[in-house]
Amino acid sequence: MRLAALAAVVALVAAPWRAPSAGAADETPSPSPSATPTGTVQAVLAPVDSGVVRDGEPLNVWVTLRNGTAYSVGSTAVTVSLGSTALGDREDLTEWLAGSSGAPGLTQVGSATIPAIGPETDGQRLILISAQDPALQNRAPGVYPLKATFRSPSATWTATSTMVIPRTDAPTTPVGLVVPITAGPLTTGLLTADQLTALTAPNGELTSELDAVDGTDAILAVDPAIPASIRVLGTSAPDSATAWLAQLMGLSNERFALQFGDADTALQTQTGHTALLQPTSLQAYMTADDFLPVRGQANPTPTPGATPEPTHTSQPGQPTYPDLAALTDIGPHQRGAVYWPFSGTAGPRDIGALGKLSAGGDASLTLVGSASTTTGAKGATVTARGTAAGAGVLVYDSAVSTALRDASLDDEASLSGAPLSAAAAYLTLASVAAGDAPLLVVVDRAAGRSALGLGGVVNAMARLPDTRAASLAELASASATAVTVADAAARPGRVAAIDRLEDDERDLASFSSILNDPTVLTGPQRAEILQLLGGGWVGQDDAWNTAVAAHEKAAVATLGAVSIAPTSSVNLVGSAAPLRFWVRNDLPWPVNVELIAQPDDLRLEVQQTTKVVAQPSSNTRTEVPVRAKIGNGEVTITLHLQGPTGVLLGGEQSVDVNVRADWEVAGLWIMGVLVGGFLILGLIRTIVARRRRSRTADAAPDADPDAAPAPAEAAGEHAGVGERTRE
C-alpha cells in the first residue's frame, strides 16, 4: 500500500526527534515572529508524531509560548506532566482538551526553560522523554492526558494534549481521507493566467495540494473550475499550470467533483432548487488564437492532461474549442453524484433533495459531519456509511476533521502537532468503537491553508496505528446504518443574497438577447455566481458580503450599459426630415437594438421602430424619419430602446420638436410673389424700351436705319441742334 510506503519515509524523517535522552533538548530554536498578533499570550503543547508512542519509542513534545501582545514576556519555566490513567471516552477527551476537567495521577516527565521573548514573537523548546522513563513503561493501550504548565514571573499558562499508546492485537479500521483540491475564494468566474502561475508555482497552494496527496490513497474532492481555468487558455496556458493539470490527470487517486467553484449545495436546496446550478458556457474565456490548429495538423495539440474529446467541430484552419464537459473534466477514477455541503449547513430536507440527484449511473451520496447527527452530537462514534432522509450519506468524523483542518493551517510542526495529536486521539477512540466498519475523515474547508500544513496532515494520517486507507468504493459499498440528521441553522442573509444574485442573472439573461452570442455575458455571470457561493468564502463573512455587493453593482452597471444619449430640443421647419439620435453602448460587443419613437401629437408622423446595430464601446448615430402634418406647435417624442425579445434597455428619453411646417408654405408663396413681380417689372421695362426706340425711329424717316453717320457730321448735327435750341 502507498500509505505504508509513505509511512516508512515519514518514519525516517521523524527519527532525529526520537533521541533517547531525558529532559530538555540542548538546542533552543530562535524565537520566531508570531503568525497572527492576538493581543494575548497562548501556550501550545504539540507532541511529535501526533502523540503516538509505540513500544520502545520516546515521547517528544514541543512547548511553545506565543506572545501576541505588545509587551515582552520574561523567562518561562515549563513542566510537562503525563496522566497515569487513560481517558475513558470521547466525551472525556473533549473536556480534557478544552481544559474543563482535571486528570488524576499526573506525573511530571519533563521540563525546560523558554528564554524571554519580545512582543509578537514565539518562544519554543523541544522536550524529550526517554523510552526508558518509568512513566512510559508498561502502559496499556489508550489515550492518556498530557499537560504543560508555563510559569513566568508575572503569569501562568497551561496547555493540554494527549499521548496515544496503540493497540497491538486489534483489527485495523478502514479510514477514508477526503482532501479538497480547491483554490480559495474568487469573484471572477475562472482563475486568471497570473493566478494560475502563482498557484502552480513550486511553492504554490495548488502545487502543495497535489504534492501532499501524490502517492497516497487519499480521496480527492476536485473543484472542476480549476482544470477549466487552465484549459480555456489553450496554447497560452502557463507551463506550470499545464504541468499541474497533467499531474492531476495522472494521479491514481479516487476522486469526485465538487460543484463548480465548490459552490454551496445546501444553500441551493434551501432556496428551492431541485437541481444544482451548473456552468452554462465558458466560451467567453477562450480566444481563437489559442485554439488554432498547429501547422500540418487538423486539430490543435490538446492542453497537457486535457480531455480532447468531445470538442466543437470547425472548418479546416479554424479554431477548435473544447466543450464544457471536456473543459471541466477532473480525470480518471472518479465517482459521480457525490455531494459535500459545507459542515453544519445541510438538514434532512437538503439531504433528501440531494439524494434525488444521481449522475453517470451512480446513486447519490452526501457527505455529512457527525456533529450534525443526533448520535455524533453527543460525542459518540458514527461509522461512515449511512442513510438519512431516505438518501445515502457518508458521515465524516467532525472532531477529527476539524482538527485536521486546523493542522493544515500551520506549516510548523511545533504548532500543527497540537491539532494532529487531538485528531489521533479522537480517531483512536473511534476505531475502538467502530471495529472493522469504515470511518471517514476530511480535511475540512478553511481559508489560508498552509503550503506545508496539508502535506503534514496527510502524512500524519498515513502513520496512525490500527488504521488503513479506505477507498471511496469501499465506503460506498459498506453496510449502511440509519442516522438522524438535525435541522441546519437558518441562514437568512445567505438565502437573501443568492435570491438577489439569481434575480440579477435572470435580468442579464433577458438583456443578453441584444448580443449576437448571449453566452459571452451569461456564461461568465453564472460562473461568477458559483464562485461567490464557493467554499473559499467559509469563515469570511465580511469579505463575502463585500464581494456580493460588488457583483450586484457590476450587474446594475451592465444592465445600464446600453441607452439613448440625452438629446436637446429640435426645430422642424420642413414637412419631412430625419431626426438624429445617438445610442450609447459601453459593452465590448456590438448590440442589436430597436429605437422606439412615439409622438404625443398627431401633427407629427414618426417612424415608430428603427433597427440599430450599436458598435462596441462607442456612441452610434441613428436617424428617425419624421413628417409634419397640418398645423404648427410643439410635439414631444418619447424614445426608448428595446432588444429583439422586447426587453427594455436603459430609461426613457423625450425630445421636444418645434414643428413649423407652415413656414415652408408661406415661404413658397412669398417666393412665388416675388418671382412673379420681378417678371412683370422686367416685362414692363422691356415694353417701355421698345416703345421709346419706336418713337425715335419715327422722328428721322429719311435716315437710313442701316447707315451710321460719320462722326464729324454727327457732331455738327448735334451742334446745330444745340444752337437752334439756344436761339
Side-chain angles (χ1 to χ4, degrees), residues 182-196 198-199 206 222-233 257-268 270-271 273 275-287 321 323-325 327-328 342 445 447 491 493-515 517-538 540-562 586-589:
T182 56
L186 287 179
T187 56
T188 55
L190 293 175
L191 294 163
T192 65
D194 289 341
Q195 289 171 323
L196 286 169
L199 290 169
L206 288 178
V222 183
D223 178 2
I226 301 174
S229 298
I230 300 172
R231 293 188 179 112
V232 296
L233 297 177
L258 296 167
Q259 199 179 1
F260 189 95
D262 189 21
D264 190 338
T265 55
L267 187 58
Q268 294 171 60
Q270 289 160 9
T271 51
H273 286 274
L276 298 179
L277 297 174
Q278 302 295 336
T280 57
S281 172
L282 300 177
Q283 186 64 40
Y285 296 97
M286 292 186 276
T287 302
Y321 298 106
D323 66 9
L324 191 59
L327 290 171
T328 56
F342 302 166
R445 297 170 174 93
R491 296 183 290 169
R494 294 260 170 171
V495 170
I498 190 175
D499 285 341
R500 296 196 307 271
L501 290 174
E502 291 192 287
D503 286 343
D504 289 343
E505 183 182 25
R506 282 187 286 270
D507 291 340
L508 286 168
S510 298
F511 175 83
S512 68
S513 64
I514 66 178
L515 299 171
D517 180 8
T519 64
V520 299
L521 183 60
T522 59
Q525 177 71 10
R526 172 60 64 84
E528 289 171 12
I529 289 176
L530 289 170
Q531 292 286 3
L532 286 172
L533 301 180
W537 296 101
V538 170
Q540 301 189 63
D541 290 347
D542 291 341
W544 183 78
N545 288 327
T546 300
V548 169
H551 182 88
E552 292 177 293
K553 183 178 180 180
V556 171
T558 299
L559 292 171
V562 179
D586 292 339
L587 297 175
W589 314 283

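Remember, it's a predicted structure, so these values are computed and weren't measured experimentally.
With rounding to the nearest 0.5 angstrom, the OG1 atom of T522 is 14.5 Å from the CZ atom of R506. For the atom pair Q270 CD and I498 CD1, the distance stands at 9.5 Å (nearest 0.5 Å). Taking CD from Q525 and CG from D504, the interatomic distance works out to 7.0 Å, rounded to the nearest 0.5 Å. Here L258 contributes atom CG and T182 contributes atom OG1; the two are 7.5 Å apart, rounded to the nearest 0.5 Å. Distance OH/Y285 to OG1/T192: 11.0 Å, rounded to 0.5 Å. Between T271 atom OG1 and L501 atom CG the span is 10.5 Å, to the nearest 0.5 Å.
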- Go through the steps to decide whether R445 and D262 satisfy the test side chain to side chain contact (heavy atoms under 4.5 Å, CB included), and finish with yes or no. CA-CA 10 Å; R445 297 170 174 93; D262 189 21; 2.9 Å; yes
- Test log, rule side chain to side chain contact (heavy atoms under 4.5 Å, CB included), inputs T558 and L587: CA-CA 8 Å; T558 299; L587 297 175; 4.2 Å; yes
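Between W544 and A497, the shortest heavy-atom contact is CH2-CB, 3.4 Å. For the pair L276 and Q259, the tightest heavy-atom approach, listed with the atom from each and the gap, is CB-NE2, 3.5 Å. Nearest heavy atoms, Q278 versus L530: C-CD1, 3.9 Å. Of all the heavy atoms in L521 and F511, the pair that sits closest is CD2-CD2, 3.7 Å. Scanning all heavy atoms of the two residues, the minimum distance from H551 to I529 falls at NE2-CG1, 4.0 Å.
Among residues two or more places apart in sequence or in another chain, the salt bridge (Lys or Arg N to Asp or Glu O under 4.0 Å) test is passed with D507 by none. Listed by chain and residue number, R491 satisfy the side chain to side chain donor-acceptor pair (under 3.5 Å) test with D264 (two or more places apart in sequence, or in another chain). Taking the side-chain contact (heavy atoms from CB on, under 4.5 Å) definition, one finds that Q531 meets it with L186, A225, F260, sequence neighbours left out. Residues meeting the side-chain contact (heavy atoms from CB on, under 4.5 Å) test with D517, sequence neighbours left out: T519, V520. For D499, there are no side chain to side chain donor-acceptor pair (under 3.5 Å) partners at least two apart in sequence or on another chain. The side chain to side chain donor-acceptor pair (under 3.5 Å) test applied to D541 returns R494, not counting sequence neighbours. Scanning for salt bridge (Lys or Arg N to Asp or Glu O under 4.0 Å) contacts around E552 gives R500, with sequence neighbours left out. Legend: residues meeting side-chain contact (heavy atoms from CB on, under 4.5 Å) with S513, ordered by chain and number and at least two apart, are P644, T645, V647. Not counting sequence neighbours, the partners of T187 by the side-chain contact (heavy atoms from CB on, under 4.5 Å) test are L532, W537, A547. Listed by chain and number, the residues in a side chain to side chain donor-acceptor pair (under 3.5 Å) with T546 amount to none (sequence neighbours excluded).
Looking only at distances, a side-chain donor or acceptor of D223 sits under 3.5 Å from a matching main-chain atom of G261.
Every pair passing salt bridge (Lys or Arg N to Asp or Glu O under 4.0 Å) that includes a residue from residues 522-533 is listed here, sequence neighbours excluded: E505-R526.
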